[in-house]
Each structure stands twice: as structure tokens, then as C-alpha cells.
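Notes to accompany the following structure.
Read the numbers this way: they start at 1 and go in the same order the structure lists the ligands and their atoms.
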Amino acid sequence: MSSHPNCDAFVDKLLTWYDDNGRHHLPWRKNDASPFEVLVAELMLQQTSVEQVQEVFEEFVEKFPNPDSVVAVSEEEISEEIEPLGLQKRTKYFRKASHRIIEQHGGHVPDERSELLDLHGAGEYTAASVLAHAHGKDAVAVDTNVARVLSRVFGLDAADDPNAAENWDLAERSSPTGRCSDYLHALIDFGSTVCTASNPKCSDCPVADLCDYAE
Ligand code: SF4
């Protein structure tokens with residue numbers, strides 16, 4: 001845990017907020033979501049809203065529950081399913097990543113960062129998210145929402161830059177051992193609904209008393 005004086009209190013309050021207000025209903029967050037479903041969700045969520053992904057996710061994983069089912073059909077069939085999401089390059093990601101998972105990992109989504117980074121379409125954020133959400137590992141991932149929340153609360157200079165080292169460093173140091181998955185989901189949900197890019201709801205914010213931005 002970070003040595004920042006407000007860090008423990010921030011994490012506690014955020015997780016309490018998440019328990020009551022988080023988007024626990026999202027299908028890829030269910031306890032029985034498979035690692036492959038988590039990977040599919042993370043690839044779909046790249047540059048795409050949660051609402052858009054919700055429209056296609058369940059039907060997609062019902063038709064294609066594992067890498068074998070993805071490589072068994074034509075590229076066109078995959079493309080048709082994810083067409084509403086845009087970014088058609090994802091069709092190739094799904095197929096190439098599925099091939100690699102079958103050929104190099106016996107059909108199982110790997111649980112090592114380097115192996116996940118080796119899958120098509122998976123960068124640092126996706127790899128860390130799959131480690132935390134699919135394999136329960138203590139891994140952190142910083143996207144624009146997470147960077148914005150951390151930068152505001154702790155007065156970092158990096159603002160909402162998801163690539164800034166200080167945001168990743170703070171995310172790492174503040175992550176609660178054993179609850180990284182919840183922490184990441186909490187940061188994302190909080191950044192989407194309370195600490196929004198414009199007009200953050202500071203007057204109704206559960207961590208306002210700890211927040212550098214609100215002072
Ligand atoms: S007080 Fe405002 S800026 Fe700070 S975390 Fe809450 S919503 Fe974000």
C-alpha cells in the first residue's frame with residue numbers, strides 16, 4: 001500500500017462505494033465468467049463504451065464460448081457478430097489470439113503477463129485486466145478514467161494520461177492485495193459516473209474529503 005497519507009482511506013471508501021454502486025450486473029464481471037469471456041470483453045471494450053459492448057457480448061460468447069469455436073467459423077461470421085462495435089480489426093484479434101491460445105496454451109487463456117501481451121490485440125491494459133479479472137492476480141491497469149481519478153484525488157501532474165508512469169506507479173502502490181479486480185472495477189465505475197471528465201459530482205462524492213482536486 002502506498003505511503004501517501006490518504007491512500008488507505010481512499011481505497012477503503014472507494015471499495016465501499018463500489019460494493020453499493022458498482023456495475024456488478026455486467027455479464028463479463030459475473031463470478032462464473034470464464035477467462036476467455038473476460039478476454040473477449042476486454043478486447044471489445046477497447047475504444048468502445050460499456051453500453052455498446054453490452055449489446056453484443058452475451059450473444060457473442062454464447063456462439064463462441066472458447067477459442068475453438070472462434071477458429072471454427074469464417075472471419076465473416078465473427079465480423080457480423082461484432083459489426084455494431086466498429087473497429088473491425090477486432091475480428092482478426094479474436095481469430096489470431098484464439099489460434100495462439102490453442103496452439104501455445106492448450107486452449108486456456110494464459111495467466112502470465114508476457115504471454116498475454118503476446119496475444120493479438122492485447123496491450124498492457126488488457127493484459128493487466130485479464131490477470132486481475134480472469135485469474136485473480138494482483139495486477140493494476142490504468143485507462144483514461146483511472147488516470148483521471150487518481151490524478152485528481154492525489155494531485156498528480158499527469159492529469160488523465162493513461163500512459164504516464166506516475167499514474168501506473170500510484171495505481172500499483174495503492175492496489176489492495178487480494179482485491180485488485182474490485183479496485184480496478186471500482187475506479188472505472190467511479191470515473192464513469194462520479195468523477196467524470198466534465199462536471200465531476202464533487203458535492204456528492206464519497207472521497208471529497210480526501211481529494212486534492214476538490215480542495
Ligand atoms: S471530489 Fe470531485 S474530483 Fe475529487 S474524486 Fe470526487 S468527484 Fe472526483
Quiz item: Hey, looking at atom 3 (S) of ligand 1, which of F190, F154, Y213 has the closest heavy atom?
Solution: Y213
Quiz prompt | C202, G191, C205, C195: member with heavy atom nearest to atom 6 (Fe) of ligand 1 | solution = C205
Quiz item: Identify the closest protein heavy atom to atom 1 (S) of ligand 1: which residue and atom is it, and at what distance?
Solution: A214 CB, 3.6 Å
Which of the numbered atoms in ligand 1 are under 4.0 angstrom from any heavy atom belonging to [X]?
X    : result
R152 : 3 (S)
V207 : 5 (S)
A208 : 1 (S)
V153 : 5 (S)

Exercise. Report the part of V149 (side chain from C-beta onward, or backbone N, CA, C, O) that has a heavy atom under 4.0 Å from ligand 1; answer both or neither where that applies.
Key: neither
Check: [X] ring centre within less than 6.0 Å of [Y] ring centre:
X    : Y    : answer
H185 : H133 : yes
F94  : H120 : no
F10  : F154 : yes

Practice problem: Is it possible for you to say whether L43 and V130 belong to one hydrophobic cluster, with membership spreading through side-chain heavy-atom contacts below 4.5 Å? | Solution: yes
Quiz item: Does L187 share a hydrophobic cluster with L26, counting links as ILVMFWY side-chain heavy atoms below 4.5 Å and allowing steps through other members?
Solution: no
Quiz item: Would you say C211 reaches atom 4 (Fe) of ligand 1 with an N/O/S atom under 2.8 Å?
Solution: yes
Quiz prompt | More than 12 heavy atoms from other groups under 6.0 Å of NE2 on H24 | solution = yes
Quiz prompt | G178 backbone acceptor or donor facing D138 side chain under 3.5 Å | solution = yes
